[in-house]
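The sequence lines fix the lettering, A, B, ..., with proteins before strands; numbering per chain opens at 1.
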Amino acid sequence: MPASDIDRLQRSFYARNTLTVAREMLGQRLVRKLGAHRIAGRIVEVEAYVGEGDTACHAARGRTARNAVMFGPAGHAYVYFIYGMHHCFNVVTEQEGYAAAVLVRALEPLEGLGSMRRHRGGRDGVELTNGPAKLCSALAIDRALNGADLVTSEEAWLERDALVGESDIAEGPRIGVHGDERAQTVPWRFWVAGNPYVSGR
DNA sequence: CTCTCGATGCGCT
DNA sequence: GCGCATCGAGAGA
């Protein structure tokens, strides 16, 4: 087994309450492997999408071909294509049959900065990964990764890294959602307070 | 700095 | 056809 598996997050991490997983994902390392090359960053901002009762969740209107991965087992990647040009990366949570996931909204770059700059058209600094579509671009994540099992994949996974204390976690309403009143106000966006890589607004 | 708006593919109604 | 879990360029203050 690869040395990296020592720190890889296992199924038991993901197969829990989505809000708990979302909070604990802060500080962990998202790793993308392209050939022998690693690109990675610390997760500093996430959003939880919790079940068919959450009208901002893609699964709110039931299972479709697009959102099927969210209904599957925890620990798989849910990657979707949006606005005709962007991708967003999520991690599936909870038990099989319960549609929920955590969207990764921002990373602090740690490995493969040169690759990130290239993938981002020469942009640098916070512009590398301070948004859900930006980090997918930087890490070369697209729909080819949709459904990938992050517990066993050699292409992408999460590694145990720094834990973020409760006092350093900020929370607020999710960004850009179009569900009902509750969906737009419930504080299911979590970020590392003061981290410069957190997305704007 | 803030605000507005176009890009652009596709899943779903 | 409509609308989207976004981004970045451009205009104006």
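The CZ-P distance, from Arg174(A) to dC4(C), rounds to 14 Å in whole Å. Rounded to whole Å, atom P of dG9(B) lies 15 Å from atom CG of Asp142(A). Rounded to whole Å, atom C1' of dG9(B) lies 10 Å from atom CD1 of Ile82(A). For the pair Ile175(A) CD1 and dC7(C) P, the interatomic distance rounds to 9 Å; values are reported in whole Å. Note: OH (Tyr83(A)) to C1' (dG3(C)) measures 8 Å, nearest angstrom. With rounding to whole Å, Arg63(A) atom CZ is found 16 Å from dG11(B) atom C1'. In this entry the distance linking CG of Leu135(A) with C1' of dA5(C) reads 12 Å, nearest Å. In this entry the distance linking CG of Asp180(A) with C1' of dA5(C) reads 15 Å, nearest Å.
Distances shown here put every side-chain N or O of Arg143(A) at or beyond 4.0 Å from the OP1 or OP2 atom of dG9(B). Proximity of Arg105(A) to the phosphate of dT6(C): a side-chain N or O atom is located under 4.0 Å from OP1 or OP2. Side-chain nitrogen and oxygen atoms of Arg120(A) include at least one within less than 4.0 Å of the OP1 or OP2 phosphate oxygen of dG8(C).
Along DNA chain C, the nucleotide nearest His178(A) and the nucleotide nearest Arg123(A) are compared for position; the residue whose nucleotide lies closer to the 5' end is His178(A). Of the two residues contacting DNA chain B, namely Ala65(A) and Gly84(A), the nearest-nucleotide position lying further toward the 5' end is that of Gly84(A).
Rounded to a whole angstrom, the distance from the P atom of dC3(B) to that of dA5(C) is 22 Å.
Of all nucleotides listed (dA5(C), dG8(C), dC7(C)), dG8(C) comes nearest to the side chain of Glu127(A). Side chain of Arg66(A), nearest nucleotide from dG8(C), dG11(B), dT6(C): dG11(B). With distances taken from any side-chain atom of Thr64(A) to the nucleotides dA5(C), dG11(B), dA7(B), the minimum falls on dG11(B).
Using a 4.0 Å heavy-atom criterion, one finds that Ala133(A) contacts the sugar-phosphate atoms exclusively. Across all strands shown, Phe81(A) has heavy atoms under 4.0 Å from sugar-phosphate atoms exclusively, and none from any base. At a threshold of 4.0 angstrom between heavy atoms, the contacts of Gln184(A) with the nucleic acid are absent. Contact annotation for His58(A): base contact, defined as any heavy-atom pair under 4.0 Å involving a base atom.
Of all nucleotides present, none satisfies the Watson-Crick or G-U wobble test against dA13(C) with each distance under 3.5 Å. In this structure, dA5(C) forms no base pair with any nucleotide, since neither Watson-Crick nor G-U wobble geometry is met with both distances under 3.5 Å. Base pairing analysis places dT8(B) opposite nothing; no Watson-Crick or G-U wobble pair with both distances below 3.5 Å involves it.
Geometric assessment of Arg174(A) against the ring of Phe190(A) yields a negative cation-pi assignment under the 6.0 Å and 45° thresholds.
Judged by ring centres under 5.5 Å apart and planes tilted less than 30 degrees, Tyr49(A) stacks against the six-membered base ring of dA5(C).
A donor-acceptor pair is defined here as one N or O able to donate and one able to accept, closer than 3.5 Å; no such pair exists between the side chain of Asn130(A) and the backbone of Ser199(A). No side-chain donor-acceptor contact under 3.5 Å links Glu47(A) to the backbone of Val104(A). Without hydrogens or angle criteria, His86(A) side chain to Ile82(A) main chain gives no donor-acceptor distance under 3.5 Å.
Heavy-atom contacts from other residues, nucleotides or ligands closer than 6.0 Å to CZ of Arg11(A) number more than 12.
The aromatic ring centres of Tyr80(A) and His87(A) sit 6.0 Å or more apart.
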